[in-house]
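My questions all concern the structure below.
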Amino acid sequence: MENFVYCSPTKYIFGAGTENSVGAEAAALGFKNVLVVYGGGSAVRSGLLDRVKDSLTGAGIRFAELGGIAPNPVDGPVRKGIEMCRAGGIDGVIAVGGGSVIDTAKAIALGVPYSGDFWDFYAGKAKPEAALPVGVVLTIPAAGSEGSGNSVITLESGTKNIKISLRTDYVLRPKFAILNPELTYTLPPYQTASGIADMMAHIMERYFTTTQDVEITDRVSEGILKAIIEEAPKVMAKPDDYQARANIMWSGTLAHNGICGTGRKEDWASHAIEHEISALYNVTHGAGLAVIFPAWMTFMAQYSPGKIAQFARRVFDVAEHDDTAAAAEGIACLKAFFGSIGLPVTFAELGVPDPDIDTMVRRLHENKGEVIGGYRPLRAADTTEIYQLAL
Ligand code: NZQ
Ligand code: ZN
């Protein structure tokens, strides 16, 4: 195991009705005047936004609103939010939604105290050191942004969308995250399933490592993956199964708050490869991962089947003794699982029958470097092969 520092200071408030404590949580942080950020309408339709506003008002907190944040969020609303915060003397940002809303809220929070353009942080030209505090009311277990220090934004510049994941250790971790499993009952099945693929991918990006002697985080990761695989069919069959929703919701946070990655090198090539798909075709991130992750594993199994075989045996109870055969069986099990919850596992099933692989590979390496990934370094010829394996 490698040395590490782990600090995950987010306060989690989990359970039915907990969104009504958002005012008290915000007041405890000293917020007086907040920006409430939300998405395209689900939080309005469900009445959640009204409950959040009532709770803030009840705690004596004033607020401005920025709604309409779309999936795969872009820079425009971030700039608007920064202006609103500066003009309105805002002292905290509350995200009511999923990864797209939370990541927009984080980008706004980072941009407010910075004198330059917020994109400098995503372009690697500035180091994130200060941000307004962010609180979260989560509505979809998926991206794990409620517990991560990351924010993923797409820069719309002409015809070229540049989707970048900004990673910070602490600066962008939310101060609090409210998780009420009941809020996820209204999710469309495809969003529930895509969220499940995303959280599994967050664990697997950390699981597939070259670091030796990491049995504790291997076992934690395998345990969460097994629980997700058990609970997933329950939430798909019965969207208002509170206990199954609760287990899936907490899995999404544990998958990405860093605990599974302690003491080990991480990979993240599949995420980089997927981000080019959602940047170009605006597909749902988790569905893109259901297509790419098995392709990445198939590529890797040619060179390093051992850890993929371990995954197959421990997560899917594959009995095969030969590593290469076990890895192949594990990948088939993963694809079958994704298919069973209604997810695509090929580009065609994703609705992109003829992907522009050359463009995605070019942008991937322009945006993320000539070599990507930790499990086995990947160059353009390798990432081209992975995209092709997903056809
Ligand atoms: O906009 P509304 O109307 O709210 O609808 C949303 C949206 O259409 C809907 N939805 C959310 N909660 C709902 C609901 N519909 C009904 N009932 C509810 N309770 O779901 C759709 C997807 O929402 P979105 O926020 O886009 O989902 P997700 O959490 O999957 O976020 C995806 C974004 O997060 C990024 C992805 O790349 C993508 O841009 N990621 C962020 C990460 C991070 N910050 O750490 C890590 C991830 O790997 C990921 O890259
Ligand atoms: Zn993800």
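In each ligand, atom 1 is the first atom listed, and ligand 1 is the first ligand listed. Along the sequence shown, the residues carry numbers beginning at 1.
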query: Numbering the atoms of ligand 1 from 1, which are under 4.0 Å from a heavy atom of Ala142?
result: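 Per the distance check, 29 (O), 30 (O).
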query: At a 4.0 Å threshold, what atoms of ligand 1 neighbour a non-hydrogen atom of His271?
result: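 Once the distances to His271 are compared, the set is 48 (O).
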- prompt: Relative to the heavy atoms of Gly98, which atoms of ligand 1 are at a distance of less than 4.0 Å?
  reply: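 Once the distances to Gly98 are compared, the set is 25 (O), 29 (O).
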query: What atoms of ligand 1 come within less than 4.0 Å of a heavy atom belonging to Ser148?
result: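 Every atom of ligand 1 under 4.0 Å from some heavy atom of Ser148: 43 (C), 44 (N), 45 (O).
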message: Under 2.8 Å from the Zn ion (ligand 2), which protein N, O or S atoms do you find? Ignore water molecules.
response: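 Protein N/O/S atoms under 2.8 Å of the Zn ion (ligand 2): Asp198 OD1, His202 NE2, His271 NE2, His285 NE2.
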query: Heavy-atom distance to atom 26 (O) of ligand 1: which of Ala197, Pro73, Ser100, Gly67 wins?
result: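 Heavy atom nearest to atom 26 (O) of ligand 1 belongs to Ser100.
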- prompt: Are any non-hydrogen protein atoms located under 4.0 Å from atom 9 (C) of ligand 1?
  reply: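 Not a single protein heavy atom is under 4.0 Å away.
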Contact check: Ala43 vs ligand 1, nitrogen or oxygen atoms, below 3.5 angstrom: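 Between Ala43 and ligand 1, no N or O pair is found under 3.5 Å apart.
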field: Verify atom 23 (O) of ligand 1: protein non-hydrogen atom under 4.0 angstrom away
entry: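 No, because not a single protein heavy atom sits under 4.0 Å from atom 23 (O) of ligand 1.
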query: For ligand 1, which atoms have a heavy atom of Asn72 less than 4.0 angstrom away?
result: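 So the atoms of ligand 1 that pass are 38 (C), 39 (O).
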- prompt: Short list, please: which atoms of ligand 1 are under 4.0 Å from a heavy atom of Val152?
  reply: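 Close to Val152: 37 (O), 40 (N), 41 (C), 42 (C), 50 (O).
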- prompt: Under the side-chain hydrogen bond (donor to acceptor under 3.5 Å, both in side chains) rule, what pairs show up with a residue in residues 323-333, not counting sequence neighbours?
  reply: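 Listed once each, the pairs are Arg313-Asp323.
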query: Which of the atoms in ligand 1, numbered in the order shown and given with their element, are less than 4.0 Å from a heavy-atom of Thr186?
result: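 So the answer, numbered in order with elements, is 16 (C), 17 (N), 18 (C), 19 (N).
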task: Specify the protein heavy atom at minimum distance from atom 7 (C) of ligand 1: its residue, its atom name, and the distance to 0.1 Å.
output: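 Ranked first by proximity to atom 7 (C) of ligand 1 is Pro71 CG, 3.8 Å.
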field: Numbering as shown, the atoms of ligand 1 that approach Gly39 to under 4.0 Å (heavy-atom distance)
entry: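 Listed by number with element: 1 (O).
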